[in-house]
Chemist: 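Got a structure for you, written out below as structure tokens; questions coming shortly.
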Amino acid sequence: MTRPIPATHTQLDQLLTGLVERVADVNQAVVLSEDGLVVSKSTGFPRDDAERLAATGSGLMSLSKGVSMDFRGGPVRQALIEMAQSFLILTSAGPGAHLVVLTGPNADVGVVAYQMNMLVKKIGEHLSAAPRDIAGPAVDPGV
């Protein structure tokens, strides 16, 4: 029995695919919710890989926010990981959402980050992803 594959946001999939096709050395792009769910992914990026990247991106942004709070750095705008064969770039993409891009080793990180930010501005209303509602009794904070 196979599990159903959750749908992604088709318009965003197309925009992310455009980013991959348009910007040199960008290989994959994913929009994820703050809790690590895939909202959208570039075409051709296997779903399992997109889900792993979304979970990783969520964890990295959470760690970045913790560091920012500890050292009074203000809101986290972007995170960059340089690897031997690629770059991983994360940016905030609206309330409760992030955009993560994987590049090849020769990517111009400045150009990629600029294009990511332009994409976020262009489609910001589509990129907000509300966190999942946690089932359970409501807790009165005044108690």
Side-chain angles (χ1 to χ4, degrees), residues 2-136 138-142:
T2 60
R3 68 182 175 122
I5 297 173
T8 57
H9 193 292
T10 305
Q11 289 176 320
L12 287 181
D13 289 355
Q14 292 171 358
L15 291 168
L16 293 176
T17 300
L19 178 73
V20 169
E21 292 172 349
R22 186 178 70 254
V23 182
D25 225 15
V26 170
N27 298 329
Q28 306 297 346
V30 174
V31 172
L32 57 129
S33 65
E34 200 160 72
D35 56 357
L37 299 177
V38 174
V39 174
S40 183
K41 66 180 190 63
S42 53
T43 304
F45 194 28
R47 181 69 192 208
D48 288 348
D49 289 345
E51 288 175 356
R52 253 191 340 272
L53 183 59
T56 300
S58 174
L60 289 169
M61 284 304 272
S62 180
L63 288 169
S64 299
K65 288 177 183 180
V67 168
S68 180
M69 287 173 55
D70 288 348
F71 297 99
R72 294 174 287 290
V76 175
R77 294 183 185 153
Q78 213 164 30
L80 168 71
I81 297 177
E82 181 178 359
M83 299 169 272
Q85 298 300 315
S86 62
F87 292 95
L88 182 147
I89 306 168
L90 285 152
T91 190
S92 295
H98 307 292
L99 171 61
V100 60
V101 166
L102 287 172
T103 75
N106 299 316
D108 183 330
V109 176
V111 169
V112 175
Y114 174 79
Q115 291 296 327
M116 289 172 70
N117 286 309
M118 295 306 294
L119 181 63
V120 167
K121 287 179 183 177
K122 180 179 176 186
I123 57 171
E125 67 275 2
H126 297 291
L127 290 179
S128 62
R132 289 180 291 174
D133 186 25
I134 298 173
V139 177
D140 184 356

Chemist: Hey, are the side chains of S92 and M61 touching, using non-hydrogen atoms and a 4.5 Å cut-off?
Modeler: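 Yes, at least one pair of side-chain atoms sits under 4.5 Å.
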Chemist: Do L99 and L16 have side chains that approach each other closer than 4.5 Å (heavy atoms only, starting at C-beta)?
Modeler: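 Heavy-atom side-chain distance check passes, below 4.5 Å.
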Chemist: Quick check: do I81 and M83 have side-chain heavy atoms less than 4.5 Å from each other?
Modeler: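 When only atoms from C-beta onward are counted, M83 and I81 do touch, with a gap below 4.5 Å.
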Chemist: Measure across S64 and A79 and return the closest heavy-atom pair with its distance rounded to 0.1 Å.
Modeler: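 The pair with the smallest heavy-atom distance is OG-CB, 4.1 Å.
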Chemist: Could you tell me the separation between the NZ atom of K65 and the CG atom of L63, rounded to the nearest 0.5 Å?
Modeler: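 Atom-to-atom, K65:NZ and L63:CG are 11.5 Å apart.
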Chemist: In the structure I gave you, are the side-chain heavy atoms of M116 and V112 within less than 4.5 Å of one another anywhere?
Modeler: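 The answer is yes; the side chains approach within 4.5 Å.
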Chemist: Would a 4.5 Å heavy-atom cut-off, applied to side chains only, mark L88 and L60 as touching?
Modeler: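 L88 vs L60: side chains touch.
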Chemist: For the backbone of R77 and the side chain of T91, can you confirm whether one donor and one acceptor N or O come within less than 3.5 Å of each other?
Modeler: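 Yes, T91 side chain to R77 backbone: donor-acceptor pair under 3.5 Å.
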Chemist: Measure the shortest side-chain to side-chain distance between F45 and V20 over non-hydrogen atoms and say whether it is less than 4.5 angstrom.
Modeler: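 With C-beta onward as the side chain, the pair stays apart.
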Chemist: Could you state the interatomic distance from CG (L119) to CG (L15), rounded to the nearest 0.5 Å?
Modeler: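 That separation rounds to 6.0 Å.
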Chemist: How far apart are the closest heavy atoms of V38 and A50, and which atoms are they?
Modeler: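 Smallest heavy-atom distance, with atoms named: CG2-O, 3.5 Å.
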Chemist: Would you check if Q28 and K41 make a side-chain contact, meaning some heavy-atom pair closer than 4.5 Å?
Modeler: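 Result no, sub-4.5 Å side-chain heavy-atom pair not found.
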Chemist: Over all heavy atoms of both residues, which pair between V30 and A54 is shortest? Give the atoms and the distance, please.
Modeler: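 That closest heavy-atom pairing would be CG1-CB, 4.4 Å.
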Chemist: Rounded at 0.5 Å granularity, tell me how far OG1 in T103 sits from CD in Q85.
Modeler: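 Output value for this atom pair is 10.5 Å.
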Chemist: Would you name the heavy atoms of L32 and G57 that are closest together and state the gap between them?
Modeler: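 Heavy atoms only, the tightest pair is CD1-C, 4.1 Å.
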Chemist: Of all heavy-atom pairs between V23 and Q115, which one has the smallest distance, and what is that distance?
Modeler: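 Distance-wise, the nearest heavy atoms are CG2-CG, 3.6 Å.
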Chemist: For the side chain of T56 and the backbone of R52, is there at least one donor-acceptor N/O pair under 3.5 Å apart?
Modeler: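 Yes, T56 side chain to R52 backbone: donor-acceptor pair under 3.5 Å.
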Chemist: Taking atom OG of S86 and atom CG of N106, what is their separation to the nearest 0.5 Å?
Modeler: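 If I round to the nearest 0.5 Å, the distance is 11.5 Å.
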Chemist: Within the distance-only criterion (no hydrogens, no angle test), does the side chain of T17 pair as donor or acceptor with the backbone N or O of D13 below 3.5 angstrom?
Modeler: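 Present.
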